[in-house]
Amino acid sequence: MLDGKRILLIISGGIAAYKTLDLIRRLKERGATVRAILTKGGAQFVTPLSVAALSGEKVYQDLFSLTDESEMGHIRLSREADLVVVAPASADLLARMASGLADDLATTALLATDKPVLIAPAMNVEMWANPATQANLALLEARGLLRVGPAEGDLACGETGPGRMVEATDLLSAIERFFERPTPLRGRRALVTSGPTHEPIDPVRYLSNRSSGKQGHAIAGALARLGAETVLVTGPTRQAPPPLVRVRAVTTAEEMLAACEDELPVEIAVCAAAVADWRPVTRPNQKLKKDGEPPMLELQETPDILARLSAAGPRRPKLVIGFAAETESLVANAEAKRARKECDWMLANDVSDDSGTLGGDLNTIHFISPDGIEDWPTQSKDAVADTLADLIVAHFQGGAGA
Ligand code: CTP
């Protein structure tokens, strides 16, 4: 079941650390490779020797160890895993993860990883209930972290309630469930654009629009969950990076185009960004001053990224998908836009003032493809992303461009 899967196990300080020894044994029995990082606290409860003997691998403990870094740097350690498991995840480690600290090997590997992270919290019941811990947890979960437990029961400290780390068998089941999820897009590369772009007028001002990036980020997350190797090229937004997705942050349309072209070849391209259509021709190095007449801005069109990807010749993605943001004649305009930009599918949405689409959580899509038009019900942007991702899977499973 777990044959060939690579687990990076981070063992932090807590009496429950002993359960990870059983976990390592069970993971190994199922064919997984287990590399372990033992924090200073963790080493108070289990010895490096037991962990090394059970995993059959060197145990990593020190961020600044010359031998560890030359054999296996902390970046490689965090990247050469399919899943990072933190067990037990102490209140202290969760707090340090939430603040993005990197002051030991465990937190550095966690900050550097581009892989999904599963935590099994273990702590005293009051520490668990403390608003600080709950806020850290909410933040981490919003960033896509996976969690199992804690369980309720008698705690080592003599109190009773939630805080016990789940048993090794439960943690193993959670790991197996993670690997069982269907990944029909595995082996395919996807590129998603998201958010607005900012086109500078001068060092402090820019032209932009009200795009939040919610839809594009949700699509990148949905494709990555289905196994696509996904890169998200995003303009400035407040959205958290979706788990499993590689993010390239850009500011202007020109930068977005360069980043997209740099990512080719990909098989799937979804242009969900609300690229600013015009940019000022000149960009003075000094702030424009209010000294009399308002300045006249001379504008020029920005590059059309969707059209450029559709016309990329041999490097054209097999499936190019655009959005049409319209305030009138929604479907007719979107159909014309699909023809003009030569993309395969177009998702038309109403962005007029009273639609609430821009910046909101809901979206009503008219899906336009060579097969015709489908009106989707109003649904959350996450649900739109899942619906689109399922259609992409069906497209490739149907043999089209596979
Ligand atoms: N798009 C793009 N690059 C641009 C402009 C738009 O990649 N410079 C993409 C968007 O990401 C979207 C599609 O083209 O997938 C349509 O964007 P939209 O704003 O609806 O259309 P525009 O091309 O800007 O046309 P108009 O403003 O006239 O509606």
Side-chain angles (χ1 to χ4, degrees), residues 190-200 206-220 223 230-237 239 248-264 266 268-281 299-312 315-317 319-353 355 357-359 363-369 373 376 381 384-385 388-389 391-392:
L191 165 70
V192 181
T193 69
S194 184
T197 63
H198 289 183
E199 308 300 330
Y206 56 81
L207 290 178
S208 189
N209 56 65
R210 288 172 31 226
S211 164
S212 64
K214 280 183 189 165
Q215 188 63 82
H217 279 57
I219 291 169
L223 294 176
T230 307
V231 59
L232 175 66
V233 179
T234 175
T237 76
Q239 303 303 314
R248 287 184 71 157
V250 296
T251 306
T252 65
E254 197 69 51
E255 289 169 9
M256 188 173 273
L257 174 67
C260 289
E261 288 185 331
D262 187 41
E263 291 296 336
L264 295 180
V266 298
I268 304 156
V270 185
C271 290
V275 183
D277 289 310
W278 301 283
R279 66 178 168 215
V281 171
L299 301 179
Q300 64 188 22
E301 254 185 49
T302 53
D304 191 315
I305 298 161
L306 175 62
R308 294 276 270 269
L309 291 174
S310 295
R315 280 153 63 87
R316 184 193 196 274
L319 190 57
V320 181
I321 304 169
F323 274 77
E326 307 293 345
T327 54
E328 56 183 344
S329 312
L330 180 57
V331 171
N333 278 346
E335 281 186 303
K337 214 173 258 182
R338 186 174 87 86
R340 198 169 65 242
K341 302 195 184 216
E342 296 183 324
C343 60
D344 301 297
W345 299 349
M346 192 60 117
L347 282 74
N349 55 3
D350 182 356
V351 292
S352 52
D353 277 347
S355 70
T357 305
L358 274 182
N363 208 349
T364 311
I365 296 290
H366 305 272
F367 177 77
I368 305 174
S369 74
I373 303 174
W376 294 358
K381 289 183 176 175
V384 167
L388 179 64
L391 284 174
I392 293 172

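Counting starts at 1 for both ligands and their atoms, in listed order. As a basis for the values below, the full set of heavy atoms in this structure was taken, side chains included, without hydrogen atoms, waters or symmetry mates.
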Query raised in the report: So, do Ile392 and Ile268 sit near enough that their side-chain heavy atoms are less than 4.5 Å apart?
Result: yes

Query raised in the report: Considering only the protein, which heavy-atom contact is closest to atom 7 (O) of ligand 1, and what is its distance?
Result: Leu306 N, 2.8 Å

**Report entry** Gln300, CD: over 12 other non-hydrogen atoms inside 6.0 angstrom
**Finding:** yes

Query raised in the report: Taking only heavy atoms of Ala325, which atoms of ligand 1 are found under 4.0 Å from at least one of them?
Result: 20 (O)

**Report entry** Exercise: identify the closest heavy-atom pair between Ile305 and Cys260
**Finding:** CG2-SG, 4.0 Å

Report task. Give the numbers and elements of all ligand 1 atoms closer than 4.0 Å to a heavy atom of Thr302. Result -> 8 (N)

Query - Option set Lys337, Arg338, Arg340, criterion heavy-atom distance to atom 18 (P) of ligand 1, minimum - result: Lys337

**Report entry** Sub-4.0 Å protein heavy atom next to atom 28 (O) of ligand 1
**Finding:** no

Query - Atom pair OG1 (Thr252) and CZ (Arg279), whose distance is rounded to the nearest 0.5 Å - result: 7.5 Å

Report summary line: Residue, atom and distance of the protein heavy atom nearest atom 8 (N) of ligand 1 read Pro303 O, 2.8 Å

Report task. Measure the spacing between CD1 of Ile368 and CG of Leu330 and express it to the nearest 0.5 Å. Result -> 7.5 Å

Report summary line: In terms of heavy-atom contacts, Gly213 and Thr237 come closest through CA-CG2, 4.0 Å

Query raised in the report: So which of Met346, Lys341, Arg279 gets nearest to atom 22 (P) of ligand 1, if we judge by its closest heavy atom?
Result: Lys341

Report summary line: Taking only non-hydrogen atoms of Ala324 and a 4.0 Å limit, the atoms of ligand 1 in range are 20 (O)

Query - Residue and atom name of the nearest protein heavy atom (relative to atom 3 (N) of ligand 1), distance in Å to one decimal - result: Ile305 N, 3.0 Å

Report summary line: Rounded to the nearest 0.5 angstrom, the CE-OG distance for Met346 and Ser369 is 12.5 Å

Query raised in the report: Considering distance alone, does some N or O of Gly322 sit under 3.5 Å from an N or O of ligand 1?
Result: no

Requested in this report: Select the closest option to atom 15 (O) of ligand 1 among Ala273, Ala274, Cys271, judged by heavy-atom distance.
Outcome: Cys271

Query raised in the report: More than 12 foreign heavy atoms under 6.0 Å from OH of Tyr206: is that the case here?
Result: no

Query raised in the report: When you measure from atom 4 (C) of ligand 1 to each heavy atom in Val320, Asn209, Leu257, Val275, which option holds the nearest one?
Result: Val275

Query raised in the report: Between Ala276 and ligand 1, does any nitrogen or oxygen pair lie at a separation below 3.5 Å?
Result: no

Requested in this report: Using the six-membered ring wherever Trp is involved, compare the ring planes of Phe367 and Trp345 and label them parallel, tilted or perpendicular (cut-offs 30° and 60°).
Outcome: perpendicular

Report summary line: Closest to atom 13 (C) of ligand 1 among protein heavy atoms sits Phe323 O, 2.9 Å

Query - Carboxylate-amine/guanidinium proximity below 4.0 Å for Arg316 and Asp344 - result: yes

Report task. Check Asp277 against ligand 1 and report side chain, backbone, both or neither, counting heavy atoms closer than 4.0 Å. Result -> side chain

